[in-house]
Number of protein chains: 2
Amino acid sequence: MSEAKSAESRPYHHGDLRRALVDAARRLLEAEGPTALSLRAVAREAGVSPAAPYHHFKDKAELLDAVAQEGWDILSALMAEAKGTAVGPHQLTALGIAYVCFARDNPALYRVMYDAARDKEMLPDEVQDNKDSAYCMVRDTMIEHGANPDDEVHLELASVAAWCGAHGLAEMAGFKQFDHLKEALGGERQFLEAVLNHMGLFPNPQHRC
Amino acid sequence: MSEAKSAESRPYHHGDLRRALVDAARRLLEAEGPTALSLRAVAREAGVSPAAPYHHFKDKAELLDAVAQEGWDILSALMAEAKGTAVGPHQLTALGIAYVCFARDNPALYRVMYDAARDKEMLPDEVQDNKDSAYCMVRDTMIEHGANPDDEVHLELASVAAWCGAHGLAEMAGFKQFDHLKEALGGERQFLEAVLNHMGLFPNPQHRC
DNA sequence: AATGGCATCTGTACAGCGCTTAGATATGAA
DNA sequence: TTCATATCTAAGCGCTGTACAGATGCCATT
């Protein structure tokens, strides 16, 4: 655990402590897990006093919100990239795989993202409202591959179902009970694809299985 | 917040403090939410000193495990009851609805259940191994309504997909973004059923939609 | 019936937590 | 150059989980 800057290089005023705190939080999160992520530990990691963060964040939750927001940004970017590498209806599968792989590779960050969302009982705008957001990406991809854009309710239902399915799988994929199933299917990637194919990710059923 | 017994009625030795602590924890959980569930608060609620719980639980996590286990027991019972009230393939939908409704009605308990599971990276035996467990109930119901019991991999895949889908929906159903969709569908119950129908709950596709 | 072992519970203590307040320090505008 | 203001530190409050020593009362043995 190294601080962001050496003691001599940091002036009394940090320069961009907000940024440094979020970075420190993500570093701690990856190294020590979510339970170790205390405000004091983040301040320590950033090399400042325990009270310093309060000049940049109202409280601990607001710091975690900033960390979570970065997570959503990264997830959106990864999904966009995954969509670009696939063609046709496989794009939807690619989105789902990218989503679940992100959760597998960043379990602590993923947890912080949804904890923050649950505490305010809503997903961040990044997921739901923005153009080019992850959720709209799912919707748009469904339209591109056969979903009826005029049937708003059905379209949104399909998007919600896909999102819920991917989230459920993302949270369960780490459980040890599924290890033997992963082996039977030839690996974790195959397991993830197989489960996703059993769910309502595709607007046109002939693409299942 | 009232203690379990009045001061005069409780002798120095409690009798069944373990039980009383789990009850107190569940009472606090329902009343104040998961963040208020400290070991000291539980001890306070049960009317004992902060150190008393350590004679019945190794640490806080072990107390929460006991609370979570009760949650799984209740969930299993509710699902069994729901299955009994439905006939044919609707039994699977009934299981899903019962699952999601339990999560909606006991959000704090549901959260404790999965937090405990995630911390040890596995679901409790109640879900996976036991006869009459919730997970086996899903498997068995699938077999009863058309799934091939000999194709073990496919059967388990379908069960996992169903469980993941229900869990994902359970966690997302509370988000405010879906309120307008609930209204459009005529209520929360309809929303839950509609989303479940879009997912892989049914082993035979003709029962979707 | 008396005794003593033992599980159970209390009291006290410690380090770490989130957060507040008061005061020190550096920056940038007047 | 001066000074308001933003940023940081130091100290402290009440809370937390957990450890330990000692008080208490149940139960089996005698």
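The chains referred to below are lettered A, B, ... by the order of the sequence lines, with proteins before strands, and numbering in each begins at 1.
- Contact record, B/V160 with A/F191: CG1-CZ, 4.3 Å, taken as the closest heavy-atom pair.
- Taking 4.0 angstrom as the limit, A/R44 places a side-chain polar atom (N or O) nearer than this to OP1 or OP2 of C/dC17.
- A distance of 9.0 Å separates OH of B/Y54 from NZ of B/K60, quoted to the nearest 0.5 Å.
- Taking atom CG on A/D16 and atom P on D/dA6, their separation rounds to 17 Å, with Å as the unit.
- DNA chain D lies under 4.0 Å from at least one heavy atom of each of the following residues of residues 55-65 of chain B: B/D59, B/K60.
- Contact check for B/E193 versus B/L196: no side-chain heavy atoms found under the 4.5 Å cut-off.
- Counting heavy-atom neighbours within 6.0 Å of A/K176 NZ, excluding the residue itself, gives a total above 12.
- No more than 12 heavy atoms of other residues, nucleotides or ligands shown are found within 6.0 angstrom of CD on A/E152.
- With hydrogens and angles left out, the side-chain atoms of B/Q69 and B/D65 include no donor and acceptor closer than 3.5 Å.
- A distance of 7.5 Å separates CZ in B/R26 from CG in B/N106, rounded to the nearest 0.5 Å.
- For B/S49, the listed nucleotide lying nearest its side chain is C/dT10; candidates were C/dT20, C/dT10, C/dC17.
- Between B/Y110 and B/Y99, the ring-plane angle classifies as perpendicular under the 30° and 60° cut-offs.
- At a non-hydrogen distance threshold of 4.0 Å, A/S38, A/L39, A/R40 from residues 33-40 of chain A come into contact with DNA chain C.
- Residue B/A51 is the one, among B/A51 and A/Y54, whose nearest nucleotide of DNA chain C lies closer to the 5' end (criterion: closest heavy atom).
- In this structure, the CG atom of A/L17 is 8 Å from the P atom of D/dT9, given to the nearest Å.
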